[in-house]
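Please read all numbers here as calculations on a predicted model, not as lab measurements. Note on naming: letters A, B, ... go to the chains in the order of the sequence lines (proteins, then strands), and numbering restarts at 1 for each one.
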Protein chains: 2
Amino acid sequence: MTPFERPPVGMNLGRTAKLVAQAFDAALVEAGGTLPVWLTLLSVKSSKQANQRELAGMIGIQGATLTHHLNAMETQGLLTRRRDPVNRRVHLVELTEAGEALFETLRQAALVFDKRLRAGLSDERLKEFADMLALLRANVGGM
Amino acid sequence: MTPFERPPVGMNLGRTAKLVAQAFDAALVEAGGTLPVWLTLLSVKSSKQANQRELAGMIGIQGATLTHHLNAMETQGLLTRRRDPVNRRVHLVELTEAGEALFETLRQAALVFDKRLRAGLSDERLKEFADMLALLRANVGGM
DNA sequence: ATCTAACAGTTAGATATCTAATTATAGCGG
DNA sequence: CCGCTATAATTAGATATCTAACTGTTAGAT
């Protein structure tokens, strides 16, 4: 798989990220959610009264994609959307009790998974890793 | 965005991989391809007479997904599929001249992109980075 | 020789994502 | 006020991916 002098970094990165994401999603499904549902819940929780554009930005998806997830999650009774009375273009998203409960469950699952993922990596190496990821993002123009 | 003691590694990894993949795809589109087309061409080139199951494994996708791409690429005249006379269950995939030409074009684009992505990273740090990715894969059970 | 289990690939249908076009609302310049 | 431009969200349609079910082919057991 390599007509290259050295194995391309991006390929390794992409493959690893895919495997990790799949494993994480499996852990979340186990706990009654999915990766996009978790990210949506997390972004709503982490921002008092954010609008959808901001939420999408936090998650790293487009607004149209978020609309899709919010529709499903609203149908499932995990959250509500209502117009902001101050600016009626904006829809304010809020978790229901069921949404809060699922958030807490998935948060536990995410903590367990993160611990598993970090096994054998010192804080120092984790820091280095984060630095390298930041460098790659910079090299690619993304942030 | 963090009801966590420390920022989860997986989140950072996933976000970075997505940005890098999007930038890479944009570079390939510029050169007349796409990421999945490139990966398919690369896997076919890197394996003398592989069957589709093996190709899919190399790329890291399911067989059904590969079928989809091969259909499109066959229609575009980039490759041909024929039954293996030795084992008629197997379909042998081969690039056409157009496929070979596109492979070479995209290979150049990939080399340029990889160089950009690696900017500012010594071989030593790259090695460390690859090691950490391998550790994450191991922690998650993938390979 | 036939039957059955395994294997390679395709098909069908679901989910997640994107971009472009559309709808509704807001705010500003004249 | 009116109309233009910008903004927030949704809708429509495309692409990439997955899993599960199906089709065809092979090989081994009796």
Side-chain angles (χ1 to χ4, degrees), chain A residues 14-15 17-26 28-29 33-41 43-44 47 49-76 79-94 142, chain B residues 14-15 17-26 28-29 33-40 43-44 47 49-76 79-93 142:
Chain A
R15 185 64 83 85
K18 184 172 183 175
L19 287 169
V20 169
Q22 283 172 343
F24 187 34
D25 188 62
L28 291 172
V29 165
T34 65
L35 185 44
V37 163
W38 160 242
L39 291 174
T40 304
L41 292 172
S43 66
V44 172
S47 75
Q49 297 247 330
N51 63 39
Q52 296 186 197
R53 219 183 201 30
E54 291 164 351
L55 296 176
M58 257 183 273
I59 301 176
I61 59 179
Q62 295 306 119
T65 305
L66 181 62
T67 292
H68 187 251
H69 293 306
L70 292 180
N71 286 344
M73 291 171 72
E74 195 172 26
T75 299
Q76 291 176 260
L79 49 83
T80 58
R81 275 184 284 192
R82 50 176 242 273
R83 295 254 175 180
D84 183 341
V86 173
N87 180 346
R88 292 181 42 75
R89 282 175 301 193
V90 171
H91 285 193
L92 298 175
V93 179
E94 280 159 14
Chain B
R15 185 67 82 86
K18 184 173 182 175
L19 287 169
V20 169
Q22 283 173 342
F24 187 34
D25 188 61
L28 291 172
V29 166
T34 64
L35 184 44
V37 163
W38 161 243
L39 291 174
T40 304
S43 66
V44 172
S47 75
Q49 297 247 329
N51 64 39
Q52 296 186 197
R53 214 174 203 39
E54 290 165 350
L55 295 176
M58 257 183 276
I59 301 175
I61 58 178
Q62 294 307 119
T65 305
L66 181 62
T67 293
H68 188 249
H69 293 306
L70 292 180
N71 287 344
M73 292 172 71
E74 195 172 25
T75 300
Q76 292 176 261
L79 50 82
T80 58
R81 276 183 284 192
R82 50 176 244 272
R83 295 252 177 182
D84 183 344
V86 173
N87 180 346
R88 291 181 41 76
R89 283 176 299 194
V90 171
H91 286 193
L92 297 176
V93 179

(request) Encode nucleotides 14-26 of chain C as B, S and - characters from 5' to 3', where the letter depends on protein heavy atoms closer than 4.0 Å: B to the base, S only to sugar-phosphate, - to neither. (result) --SBBB-----BS
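Atom CE in A:Met73 sits about 17 Å away from atom C1' in D:dA9, given to the nearest Å. Between B:His91 atom NE2 and C:dC7 atom P there is a gap of 18 Å when expressed in whole angstrom units. Atoms CG (A:Leu66) and C1' (D:dA9) sit 10 Å apart, rounded to a whole Å. In this entry the distance linking CG of A:Leu55 with P of D:dA8 reads 12 Å, nearest Å. Rounded to whole Å, atom P of D:dA8 lies 15 Å from atom CD of A:Gln49. Atom pair B:Gln52:CD and C:dT11:P shows a separation of 11 Å (rounding to whole Å applied). Between the CG atom of A:Leu92 and the C1' atom of D:dT7 there is a distance of 15 Å, rounded to whole Å. If you take CG of B:Asn51 and C1' of C:dC7, they are 10 Å apart, rounded to a whole angstrom.
For the helix from C:dA1-D:dT30 to C:dG30-D:dC1, the axis fitted to the five pairs at one end and the axis fitted to the five pairs at the other end meet at an angle of 0° (nearest 10 degrees).
Distance from the side chain of B:Val90 is smallest for C:dG9 among the nucleotides D:dT11, C:dG9, D:dA8.
A distance-only check finds a donor-acceptor pair linking the side chain of B:Asp25 to the backbone of B:Leu35 [under 3.5 Å]. In this structure a side-chain-to-backbone donor-acceptor pair under 3.5 Å is present from B:Glu54 to B:Asn51.
The shortest distance between side-chain heavy atoms of B:His91 and B:Arg82 does not fall below 4.5 Å. Under the 4.5 Å side-chain criterion, counting only non-hydrogen atoms from C-beta, A:Met73 is in contact with A:Leu41. Side-chain contact between B:Arg81 and B:Asn71 is present, with at least one heavy-atom pair separated by less than 4.5 Å. Side chains of A:Thr40 and A:Leu70 form a contact here, defined as non-hydrogen atoms less than 4.5 Å apart.
When every heavy atom of B:Val86 is checked against every heavy atom of B:Asp84, the shortest pair comes out as N-OD1, 2.8 Å.
Atom CG of residue A:Leu66 and atom CE of residue A:Met58 lie 9.5 Å apart, to the nearest 0.5 angstrom.
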(request) Give the intermediate values and the outcome of side chain to side chain contact (heavy atoms under 4.5 Å, CB included) for residues B:Lys18 and A:Ile61. (result) CA-CA 10 Å; B:Lys18 184 173 182 175; A:Ile61 59 179; 3.6 Å; yes
